[in-house]
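Letters A, B, ... are given to chains in the order of the sequence lines, protein chains preceding strands, and every chain is numbered from 1. Computed from a predicted structure; not experimentally measured.
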Amino acid sequence: MTHLYTVTLGVLIAAGLLTLVRLVRGPRALDRIMALDVVVTMVIAGTAVGMTMRDDSTALPVLVVLALLAFIGSVTAAHLVEKRKGMR
Amino acid sequence: MTVLRDVVTAVLFLTGACFCLLGAVGLLRFRDTVSRLHAASKAQTLGLLLILVGAAVHRPLGEAPVLLLVALFQLFNAPITSQIVGRTAYRTHAVDRRRLFVDELADRLARDGTPLHEQGGLTPDKEEGGNPDDTDR
């Protein structure tokens, strides 16, 4: 079971790194917002896997807070991009 | 029973992680913002949901409602973000219109007398390089 958790975390970390490349490269603000949203999703997924791996539930509130922050953050940022047409 | 639980969690975790990886690859490889949106939303909804269900199967029953709450937030989050990003992309001319077969919104806007695009085109993302005329990929 431990190997399974390691493999899952490894795949998630690889996915997160690929998303970070898109986050850095852009080229538009919208791409970055989307990539950031996906990164947060992968952090949530990794936290859930780690929680199961270590068999403790300390990180449970972290999941909820991250999910809420991801929502508020990306919606606000996308709205700002729409308002400021120059920021592409 | 424990073995069954472990197997279910293993399958769900691996499938979810693979969906996240595929979404990340798509986010990196696809050419314009809306295509990337399509790839990203798979990782955001299906990938995360599978992993959360896997965790809920393995953890004590009392934690399932909290994980359900996270899943619900994410199910609200992904479509709303995608819709707003897609709309903003359309309005800021980030959609590669030469690669579209049908553009119902443009027809609708033209019928209502408020066309958004006069000139029609879009500058392809510079970093992708290449010939802007090759549309088949």
Side-chain angles (χ1 to χ4, degrees), chain A residues 1 4-5 7-12 14-23 25-31 33-35 37-42 44-49 51-53 55 57 60-61 63-64 66-68 70-75 77-83 85-88, chain B residues 6 9-10 13-14 16-25 27-28 32-33 36-37 39-41 43-45 47-48 50-52 54-60 62-63 66-67 69-74 76-78 80-89 91-94 125-128:
Chain A
M1 245 352 228
L4 169 90
Y5 295 134
V7 170
T8 312
L9 280 179
V11 173
L12 281 176
L17 287 178
L18 288 180
T19 316
L20 280 181
V21 173
R22 176 52 70 196
L23 179 69
R25 280 167 66 179
R28 292 166 196 277
L30 287 177
D31 297 309
I33 292 168
M34 229 155 48
D37 211 30
V38 177
V39 167
V40 175
T41 308
M42 280 157 189
I44 296 175
T47 314
V49 174
M51 214 174 71
T52 318
M53 180 170 78
D55 206 24
S57 56
L60 206 56
L63 294 184
V64 182
L66 276 179
L68 267 178
F71 175 63
I72 297 168
S74 37
V75 169
H79 262 302
L80 281 178
V81 173
E82 198 174 8
K83 288 234 169 63
K85 288 283 166 61
M87 190 174 128
R88 288 159 59 171
Chain B
D6 280 355
T9 306
F13 271 6
L14 283 181
C18 285
F19 265 105
C20 283
L21 186 64
L22 286 179
V25 170
L27 200 61
L28 198 59
D32 66 344
T33 307
R36 287 176 203 140
L37 197 62
S41 54
Q44 275 185 312
T45 50
L48 184 64
L50 287 175
I51 285 183
L52 286 179
V57 167
H58 207 271
R59 301 292 302 153
E63 293 176 11
V66 185
L67 292 174
L69 197 65
V70 176
L72 279 182
F73 280 148
Q74 198 61 28
F76 278 121
N77 179 7
I80 292 177
T81 312
S82 299
Q83 200 267 340
I84 291 178
V85 168
R87 187 180 64 189
T88 311
R91 288 186 183 167
T92 54
H93 303 257
D125 296 341
K126 288 186 192 67
E127 54 127 16
E128 303 294 347

**Prompt:** Which region of B:L67, side chain (C-beta onward) or backbone (N, CA, C, O), has a non-hydrogen atom less than 4.5 Å from a non-hydrogen atom of chain A, or is it both or neither?
**Reply:** side chain
**Asked** Among A:L63, A:V21, A:V49, which residue forms the greatest number of heavy-atom pairs with chain B at distances under 4.5 Å?
**Response** A:V49
**Asked** Side chain, backbone, both or neither: which part of B:L69 has a heavy atom under 4.5 Å from chain A?
**Response** side chain
**Item:** Heavy-atom pair of closest approach, residues A:I44 and B:Q74
**Value:** CD1-OE1, 4.3 Å
**Request:** Kindly give the heavy-atom pair with the smallest separation between B:A40 and A:V38, and that separation in Å.
**Result:** CB-CG2, 3.6 Å
**Complete:** Note: A:V11 and B:C18 closest approach over all heavy atoms is CG1-N, 4.3 Å
**Request:** Identify which of A:V40, A:T19, A:L20, A:L66 forms the greatest number of heavy-atom pairs closer than 4.5 Å to chain B.
**Result:** A:T19
**Request:** Just do the side-chain contact (heavy atoms from CB on, under 4.5 Å) check on A:L4 and B:D6 with the steps written out, would you?
**Result:** CA-CA 10 Å; A:L4 169 90; B:D6 280 355; over 6 Å; no
**Message:** Nearest 0.5 angstrom please: B:T81 OG1 to A:L30 CG, how far?
**Reply:** 11.5 Å
**Complete:** Counting heavy-atom pairs under 4.5 Å with chain A, the top scorer among B:A55, B:A43, B:A10 is B:A10
**Item:** Residue among A:L68, A:L9, A:I33 with most heavy-atom pairs under 4.5 Å to chain B
**Value:** A:L68
**Item:** Candidate pair A:D37 and B:N77, rule side-chain contact (heavy atoms from CB on, under 4.5 Å), full reasoning
**Value:** CA-CA 9 Å; A:D37 211 30; B:N77 179 7; 3.8 Å; yes
**Message:** Please give me the minimum heavy-atom distance between B:R59 and A:M51, naming the atom from each residue.
**Reply:** NH1-O, 4.1 Å
**Fill in**
Of all heavy-atom pairs linking B:L28 and A:R22, the shortest is O-NH2, 2.8 Å
**Prompt:** By a 4.5 Å heavy-atom criterion (distance strictly below it), what part of B:Q44 contacts chain A: side chain, backbone, both, or neither?
**Reply:** both
**Asked** Just how far is it from atom CG of B:L48 to atom CG of A:L12, taken to the nearest 0.5 Å?
**Response** 9.5 Å
**Request:** For residues B:F76 and A:F71, report the shortest heavy-atom separation together with the two atoms involved.
**Result:** O-CE1, 4.5 Å
**Prompt:** With side chains defined as the heavy atoms from C-beta onward, is the minimum distance between B:L21 and A:L18 less than 4.5 Å?
**Reply:** yes
**Request:** Against chain A, label B:L27 side chain, backbone, both or neither, depending on which of its atoms sit under 4.5 Å from a heavy atom there.
**Result:** both
**Request:** Go through A:G10, A:G46, A:S57, A:S74 and name the one with the most non-hydrogen pairs under 4.5 angstrom from chain B.
**Result:** A:S57
**Item:** Residue A:M42 versus chain B: region with a heavy atom under 4.5 Å
**Value:** side chain
